[in-house]
Amino acid sequence: MIRKLTLSLGLAALSTLGLGLAPAPLLSSAAWAEETPDVAPFTLGDPNAPIELEEFASFTCGHCAHFHEDVFKRLKADYIDTGKVHFTYREVYWDPYAVWAGLLARCGGEMRFFGIVSMLYEKQKEWIDPKDPQKTSENLRRIGQTAGLSEDAMNQCLTDAALAKALSENSDKTVDAAGVTGTPSMVIDGQLYKNMSYRDLKEILDEKLAG
């Protein structure tokens with residue numbers, strides 16, 4: 001279970017990325033009010049689909065990696081791509097490594113976001129080094145390179161303290177509002193569910209579609 005860390009620790013961790021760069025300075029309260037980055041969630045599928053499904057997940061969560069490999073791929077093929085489910089990915093940030101991964105995923109913009117998310121989960125055991133932050137940052141940069149991100153883009157994205165702060169605060173707000181206590185969790189048409197198999201999820205979705 002990932003221990004929830006304070007926001008200050010998550011931001012301080014940016015300086016250990018091993019990029020040879022100083023992290024972006026924290027904004028003053030006045031500047032923050034004017035320059036808060038947009039952290040709107042990324043979505044897939046038809047916004048007018050009959051079912052709204054939100055997934056709350058952390059890039060460092062092993063159960064989330066399994067969910068994306070075993071459940072999400074079938075959910076996407078059977079329900080999202082067919083117009084039955086509108087899917088929203090809710091990023092959960094409870095540790096610094098997850099924040100770094102989130103900065104990288106968002107660095108690719110809407111076009112690359114879900115592709116990078118998939119790579120982060122597929123290679124989770126390869127890029128996370130609990131004992132070596134610099135090795136972890138190097139591994140993340142390799143994922144970014146594979147996704148087509150330039151060095152300059154990654155340097156800027158991975159030291160963006162303002163975005164890291166916004167992501168962490170938004171995570172706390174959305175998690176608290178939904179009542180999420182662990183990842184992965186799902187909110188389906190407003191109702192919170194814990195992690196489940198594809199078979200159980202399919203049963204819930206088919207029952208809703210049947211009316």
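Heads up: numbering here begins at 1 and tracks the sequence. Values below: all heavy atoms of this structure, side chains included; hydrogens, waters and symmetry mates excluded.
Across all their heavy atoms, Glu55 and Phe67 have their closest contact at OE2-CD2, 3.5 Å. The two residues Lys194 and Met186 have their closest heavy-atom pair at O-CE, 4.1 Å. Contact detail for Val39 and Ala166: the closest heavy-atom pair is CG1-CB, 3.7 Å. Between His86 and Asp46, the closest heavy-atom pair is CB-O, 3.2 Å. When all heavy atoms are compared, the tightest approach of His63 to Thr183 is CB-O, 4.1 Å. Considering every non-hydrogen atom in both Pro130 and Tyr97, the closest pair reads O-OH, 4.0 Å.
In this structure, Thr43 contributes its side chain and Thr88 its backbone to no donor-acceptor pair below 3.5 Å. No donor-acceptor pair under 3.5 Å is formed between the side chain of Asn195 and the backbone N or O of Ser185. The main-chain N or O of Phe114 is found under 3.5 Å from a side-chain atom of Ser118 such that the two form a donor-acceptor pair. Formation of a donor-acceptor pair under 3.5 Å by the Glu91 side chain with backbone atoms of Ser171 is not found in this model. Checked by atom type and distance alone, the side chain of Asp160 never pairs as donor or acceptor with a backbone atom of Leu103 at under 3.5 Å. A donor-acceptor contact shorter than 3.5 Å is absent between the side chain of Trp100 and the backbone of Ser137.
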Tyr79/Leu201 under side chain to side chain contact (heavy atoms under 4.5 Å, CB included): CA gap, chis, key distance, verdict: CA-CA 11 Å; Tyr79 294 92; Leu201 176 58; over 6 Å; no

Using the rule given for side chain to side chain contact (heavy atoms under 4.5 Å, CB included), can you reason through Phe59 versus Val117, listing the C-alpha separation, both sets of side-chain angles and the distance that settles it, and then say yes or no? CA-CA 8 Å; Phe59 294 116; Val117 167; 3.8 Å; yes

For Arg141 and Asn155: C-alpha separation, side-chain torsions, deciding distance, then whether side chain to side chain donor-acceptor pair (under 3.5 Å) applies. CA-CA 9 Å; Arg141 289 167 70 82; Asn155 287 344; 3.1 Å; yes

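Only one option out of Lys73, Arg74, Lys76 pairs with Asp81 in a salt bridge (Lys or Arg N to Asp or Glu O under 4.0 Å); it is Lys76.
Within the 4.5 Å cutoff, no side-chain heavy atoms of Cys107 are placed close to those of Leu158. Side-chain contact check for Tyr193 versus Val187: every heavy-atom pair is 4.5 Å or farther apart. You'll find the side chain of Leu205 stays beyond 4.5 Å of the side chain of Lys84, heavy atoms only. Inter-residue side-chain proximity for Thr174 and Phe56 is flagged as met; some heavy-atom pair is nearer than 4.5 Å. Contact check for Leu149 versus Leu104: side-chain heavy atoms found under the 4.5 Å cut-off.
Sparse packing is recorded around NZ of Lys123, with 12 or fewer heavy atoms of other residues, nucleotides or ligands lying under 6.0 Å away. The 12-atom threshold is not exceeded at CD of Glu203, counting heavy atoms of other residues, nucleotides or ligands nearer than 6.0 Å.
Separation of the Tyr121 and Phe72 ring centroids does not fall under the 6.0 Å cut-off.
Salt-bridge annotation for Lys202 and Asp78: absent, with no side-chain N of the basic residue lying under 4.0 Å from a carboxylate O of the acidic one. Electrostatic pairing of Lys173 and Glu169 does not count as a salt bridge here, judged by no charged N lying under 4.0 Å from a carboxylate O.
Taking CG of Leu209 as the start and CD1 of Ile51 as the end, the distance is 4.0 Å to the nearest 0.5 Å. For the atom pair Tyr198 OH and Leu75 CG, the distance stands at 6.5 Å (nearest 0.5 Å). Once rounded to the nearest 0.5 Å, the distance linking CG of Leu44 with OH of Tyr89 reads 11.5 Å.
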